[in-house]
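Everything quoted here is computed from the prediction, not taken from an experiment. Lettering follows sequence order; numbering is per chain, from 1.
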Protein chains: 2
Amino acid sequence: MLNDTQQSEGSLRRKRSRQREKVLDIVRSTKSHPTADWVFHEVRKELPNISLATVYRNLNLLAESGEISEVICDGQLRFDANKEEHFHFICKSCKGIFDIDEARVTPDFKLPRGYVVQDLRIDFYGICPACQTQRS
Amino acid sequence: MLNDTQQSEGSLRRKRSRQREKVLDIVRSTKSHPTADWVFHEVRKELPNISLATVYRNLNLLAESGEISEVICDGQLRFDANKEEHFHFICKSCKGIFDIDEARVTPDFKLPRGYVVQDLRIDFYGICPACQTQRS
DNA sequence: CTATGTGCAAAGTGTTTGCAAATTT
DNA sequence: AAATTTGCAAACACTTTGCACATAG
C-alpha cells in the first residue's frame, strides 16, 4: 500500500494547493449541503481546468482533516462546512436538508413550526468496546 | 413512465413471490444490518437461481412498504428489519453497526459501557414547511 | 388471461485509482 | 531536489433498467 519512500506512519505532510483551497471556499460559501458534483461545477467557474477527481480527492482530504463533514441523504454523499454542532431535518418530499441548531435540542425541544417529523434517526459514531480493547 | 394498461394512481397490487418472502426472511434473521450483496448470497443458498437484481428490487419494495428500513453507513446502503424504534452506534474502526434501544435514550441517557462516542448525528425526516404548503 | 415478478445482461451513477506532468516546499 | 498534487482516462463498486419468459391471482 505504501512504498518505501513514503512515511510509514500514515501522516503525509500536506502541501497547500489552489484547488483544495477553492474547494473549501466553495463548500464554506453555502449552507446547501452540496454534492461533489455541485462543488465541481462551482469550482470550475473559477478554475476551469480542475477535474472532478481532484474535487473528490480534496473533499475527502478536507473531511478527513475535519474541516468539513460528510452528510448522507437519500443515498447521496453531501458535504457540510458548518462547524457548529447541529442536526439535520431532511425533507422526504423535496430532499432538502435543513440545519437545526443544537441549542434548540433541549428537554423541551421543539422543531420550528411547519416541520412535520415522520422519522428520527440518531447515530452515534465512535469506537466500539471490541475495537477499544484491541487498541489498548 | 406508466403506460395505459397500468393503474395511474401508483399503487400496483402486489403479488407475493417466493423470492420476496425469502429476502424478507433473511433480513429478519439477522441484526447485522446486511448489505444487498450479503442478502443476495444468503438467499442464494436457498434459491440458487435468484438474481442480484431481484434482491435489489425486493429490498426496495420492502423498504417502500415499510417492512424493512434503509441504513446508510460509510456510504454503504444497508438494511434493517428491526421494527422497534432504535438508534445506531457506528464504529469508526470496524464499521460495525450496533443497535441502541430507544428505551435507553432518556434524560439520564448513557450508552453501554465501552462505547466511546466521538460524534453524534441526529436526523429528522419528514416534510418541510414549503412542501407542506404546496400539499394543502 | 392479465398483470406482476423474474433472470439476465447491459447500462447507469457516483467515486476512486494509476500514471506522467505540474506544483509546492 | 524531493515530495505532494493535478488532470486525464480508465477502472470500480453498487444499483437500476429493458426485455422476454415465468408465475401468481
Side-chain angles (χ1 to χ4, degrees), chain A residues 1-24 26-27 33-41 43-44 46-65 67-68 70-79 95, chain B residues 1-24 26-27 33-41 43-44 46-65 67-68 70-79 95:
Chain A
M1 210 147 193
L2 297 173
N3 67 45
D4 296 348
T5 58
Q6 289 175 309
Q7 296 157 272
S8 47
E9 285 312 307
S11 55
L12 309 192
R13 46 189 150 257
R14 224 94 276 156
K15 294 179 179 177
R16 311 174 75 201
S17 80
R18 222 158 0 100
Q19 288 89 334
R20 182 152 56 245
E21 258 144 45
K22 207 76 217 164
V23 166
L24 180 54
I26 293 293
V27 179
H33 309 86
T35 60
D37 201 61
W38 185 90
V39 174
F40 171 58
H41 287 294
V43 174
R44 234 176 190 219
E46 308 198 37
L47 302 176
N49 294 318
I50 197 174
S51 76
L52 185 54
T54 299
V55 171
Y56 271 105
R57 272 186 290 233
N58 283 320
L59 287 169
N60 289 341
L61 289 175
L62 291 166
E64 206 174 285
S65 72
E67 292 177 90
I68 64 178
E70 300 175 316
V71 190
I72 294 270
C73 166
D74 207 44
Q76 267 249 293
L77 189 54
R78 293 166 169 278
F79 297 89
K95 308 296 180 193
Chain B
M1 210 144 193
L2 298 173
N3 67 45
D4 297 349
T5 58
Q6 289 177 307
Q7 295 156 273
S8 46
E9 285 314 306
S11 56
L12 309 192
R13 45 190 151 256
R14 283 274 98 93
K15 295 179 177 175
R16 312 175 74 200
S17 80
R18 222 156 2 99
Q19 287 86 336
R20 182 152 55 247
E21 257 143 46
K22 208 76 217 162
V23 166
L24 180 54
I26 293 293
V27 179
H33 310 87
T35 61
D37 200 61
W38 184 90
V39 175
F40 171 57
H41 287 294
V43 175
R44 241 187 181 210
E46 308 198 36
L47 303 176
N49 295 317
I50 198 174
S51 76
L52 184 53
T54 298
V55 172
Y56 271 105
R57 272 187 289 234
N58 284 320
L59 288 169
N60 289 342
L61 289 176
L62 292 166
E64 208 173 283
S65 72
E67 291 176 271
I68 64 178
E70 299 174 316
V71 189
I72 295 269
C73 166
D74 207 44
Q76 266 249 294
L77 188 55
R78 293 166 169 277
F79 298 88
K95 308 296 179 193

Contact summary for L47(B) and Q19(B), nearest pair of heavy atoms: CD1-CA, 3.8 Å
From CG of L61(A) over to C1' of dT6(D), roughly how many Å is that when rounded to an integer? 12 Å
Salt bridge flag under 4.0 Å for residues E70(A) and R78(A): no
In whole angstroms, how far is the C1' atom of dC1(C) from the CZ atom of R13(B)? 13 Å
K15(B) atom NZ is separated from dC21(D) atom C1', nearest whole Å, by 14 Å
Separation of atom CG in L47(A) from atom P in dA22(C), rounded to whole Å: 18 Å
Would a 4.5 Å heavy-atom cut-off, applied to side chains only, mark N58(A) and L61(A) as touching? yes
Tell me whether the OP1 or OP2 atom of dA22(D) has a side-chain N or O from N49(B) closer than 4.0 Å. no
side-chain N/O Q19(B) vs dT23(D) OP1/OP2, d < 4.0 Å: no
In whole angstrom, give the distance that lies between atom CG of N58(B) and atom P of dA24(D). 14 Å
Heavy-atom distance under 4.5 Å between the side chains of F79(A) and L62(A), does that happen here? no
Consider the side chain of R20(A), meaning its heavy atoms from C-beta on, and name the nucleotide among dG7(C), dG25(D), dT6(D) that approaches it most closely. dT6(D)
Tell me the closest heavy-atom pair linking S65(B) and E67(B), and the distance in Å. OG-OE1, 3.1 Å
Any S17(B) side-chain N or O less than 4.0 Å from OP1/OP2 of dT4(C): no
Does the side chain of V27(A) come within less than 4.5 Å of L59(A)'s, by heavy atoms? yes
In the 5'-to-3' direction, what one-character label does each nucleotide of nucleotides 15-20 of chain C receive under the scheme B = base within less than 4.0 Å of a protein heavy atom, S = sugar-phosphate only, - = no such atom? BBBB--
Closest heavy-atom pair, V55(A) versus A36(A), reported as atoms and distance to 0.1 Å, is CG1-O, 3.8 Å
If I take atom CD1 in residue I50(A) and atom C1' in nucleotide dA22(C), what distance separates them, rounded to the nearest angstrom? 14 Å
Given dT23(D), is OP1 or OP2 found less than 4.0 Å from the side-chain N or O atoms of R18(B)? no
Min side-chain heavy-atom separation L52(B)-D37(B) under 4.5 Å: yes
Figure out the NE2/P separation between H41(B) and dC14(D), and round it to whole Å. 10 Å
Between dT6(D) atom C1' and L59(A) atom CG, what is the distance in whole Å? 15 Å
Verify the contact: side-chain N or O of R14(A) to OP1 or OP2 of dT4(D), cut-off strictly under 4.0 Å; return yes or no. no
Please check if the side chain of R20(B) supplies one atom and the backbone of K15(B) the other of a donor-acceptor pair under 3.5 Å. yes
As a test of your reading of the structure, name each stem of DNA chain D as range with range, where a stem is three or more consecutive Watson-Crick or G-U pairs at under 3.5 Å. C:1-25 with D:1-25
